[in-house]
Structures are given as C-alpha cells and as structure tokens.
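Working notes, beginning with the structure itself.
One-based numbering along the sequence shown. Keep in mind that this is a model prediction, so the values were computed, not measured.
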Amino acid sequence: MAEVIVSYDREGEKQTIHTGSKVLGDLGIDYTGVPEDERGGTAKQLLASAALYCFCGALGKALETRGAKYERIAGTATLETGLDEKKRARVTGIALDVTVHMDEEFEFIFERVEKIMQQGCLVTASLHDAFPVTYKLHHEF
C-alpha cells in the first residue's frame, strides 16, 4: 500500500502544512490580523476541497479512459456539520455538485460514467462509512 506523509509547523499566527508535493507545495495558513471569531472552519474547507478535488479528478479520468472529451469540469462541495450523540461537533455530510462541459456526442459515455461515479473516489468512498456523501452530476453541451 502507498502512504502519504505530510508535516505541520506552527509559529505564532502562521501555520504551514508541508505536503512534500512538487505540485501542491506548502500550504500556508496565516491568522495574522484575522479576528478570533473568523478563524474557524479551515480544516472543514480543506476536507471539502480534498473531496471535491479527488472526485473531479477521478471523474475526468473516467471520461478520458472511455474516449470522452470535455472542455471543463466545475463543481462545489458543501460540507455540513452537527453534533453527535455525545454533543461533539462532527462532519455530518458532504454534497458534491459537479458539471461537465462537453460535446453532446459524448452524452452516452457521461451517463455510464455518472453511474460509476456514484460510488465515489478514493477520498469520498473512504468517508462513506462515517457520514453520507452525495453526488449530483450534470452535463452541459
């Protein structure tokens, strides 16, 4: 099995996640000048971003593998939170809404891939046992 290792440093108001990736580089989180009540949500944004990025990448690859060409893939991830039975804050769901901009000639491929993608990607499928992950796929010609 493959493993991914990232590291984290915090110095004062500045935090850095060292991804070790040539593509992604280091992620900087800087709270300097940001009021305390506006600092929350960063981890949730990162989780939603990872889910959306992974899903859209897998979707694009699935379309390409079957010979479909597309101009653009765009989407949103909506992460919901709530409390568990012990009143602890938890992620309670993620909804992905993704649109593929493609020629009409590839509609039949899109429909097949849409069914496959309801199973998710590496990241989202790994979350299925923890909370609901929903997928809405659309295509525009």
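Results of the side chain to side chain donor-acceptor pair (under 3.5 Å) test with Tyr70 over Glu64, His101, Glu140 single out Glu64 as the only residue that passes. Screening Arg88, Lys86, Lys87 for a side chain to side chain donor-acceptor pair (under 3.5 Å) with Asp84, the sole residue that qualifies is Arg88.
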Check your understanding: Passes side chain to side chain contact (heavy atoms under 4.5 Å, CB included), His139 versus Leu63? Steps please.
Key -> CA-CA 12 Å; His139 53 71; Leu63 290 167; over 6 Å; no
Check your understanding: Checking side chain to side chain contact (heavy atoms under 4.5 Å, CB included) for the pair Arg72/Thr99: CA distance, chi angles, key distance, verdict?
Key -> CA-CA 8 Å; Arg72 180 173 167 233; Thr99 301; over 6 Å; no
Exercise for review: Given side chain to side chain contact (heavy atoms under 4.5 Å, CB included), test Asp103 with Glu71 step by step and report yes or no.
Suggested key: CA-CA 8 Å; Asp103 290 335; Glu71 296 171 28; 4.1 Å; yes
Exercise for review: Determine, stepwise, if the pair Glu36 / Tyr31 fulfils side chain to side chain contact (heavy atoms under 4.5 Å, CB included).
Suggested key: CA-CA 8 Å; Glu36 189 73 34; Tyr31 287 144; over 6 Å; no
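In this structure, Glu11 places its CD atom where only 12 or fewer heavy-atom neighbours from other residues, nucleotides or ligands lie under 6.0 Å away. Gln118 CD: more than 12 foreign heavy atoms inside a 6.0 Å radius. The environment of Tyr53 atom OH is sparse: at most 12 non-hydrogen atoms of other residues, nucleotides or ligands sit within 6.0 angstrom.
Distance check, rounded to the nearest 0.5 Å: CE of Met117 to CG of Leu137 gives 7.0 Å. Distance check, rounded to the nearest 0.5 Å: OG1 of Thr16 to CG of Leu27 gives 9.0 Å. Distance OG1/Thr78 to CD1/Ile94: 9.5 Å, rounded to 0.5 Å. Within the model, atoms CD of Glu114 and NE2 of His138 stand 8.5 Å from one another, a figure rounded to the nearest 0.5 Å. Taken to the nearest 0.5 Å, the OG1 atom of Thr76 stands 9.5 Å off from the NZ atom of Lys136.
Under a hydrophobic-cluster definition in which Ile, Leu, Val, Met, Phe, Trp and Tyr are linked whenever side-chain heavy atoms come within less than 4.5 Å, directly or via other members, Tyr8 and Ile5 are assigned to different clusters. Clustering ILVMFWY residues whenever any of their side-chain heavy atoms sit less than 4.5 angstrom apart, transitively, puts Leu24 in a cluster other than the one holding Val123. Both Leu59 and Phe108 are members of a single hydrophobic cluster when ILVMFWY side chains are connected at heavy-atom separations under 4.5 Å. Cluster membership for Val91 and Phe55, using ILVMFWY side-chain heavy atoms within less than 4.5 angstrom, is shared. Both Leu79 and Leu52 are part of a single hydrophobic cluster, where members link through side-chain heavy atoms under 4.5 Å apart.
At least one side-chain heavy atom of Met102 sits less than 4.5 Å from a side-chain heavy atom of Phe110. Within the 4.5 Å cutoff, side-chain heavy atoms of Leu46 are placed close to those of Ile17.
Cys121 and Ala58 get closest at one heavy-atom pair: CB-CB, 3.8 Å. Listed here is the closest heavy atom pair of Gly60 and Ile73: CA-CD1, 3.7 Å. For His128 against Thr124, the heavy-atom pair with the smallest separation is CD2-O, 3.1 Å. Between Leu96 and Ala77, the closest heavy-atom pair is CD2-CB, 3.4 Å. For Asp30 against Thr32, the heavy-atom pair with the smallest separation is OD1-OG1, 2.5 Å. Arg10 and Gly12 make their closest contact through NE-O, 2.9 Å (heavy atoms, listed as atom of the first residue, atom of the second, distance).
Judged by distance alone, the side chain of Arg66 and the main-chain N or O of Ala62 form a donor-acceptor pair under 3.5 Å. At least one donor-acceptor pair under 3.5 Å links the side chain of Thr92 to the backbone N or O of Glu80.
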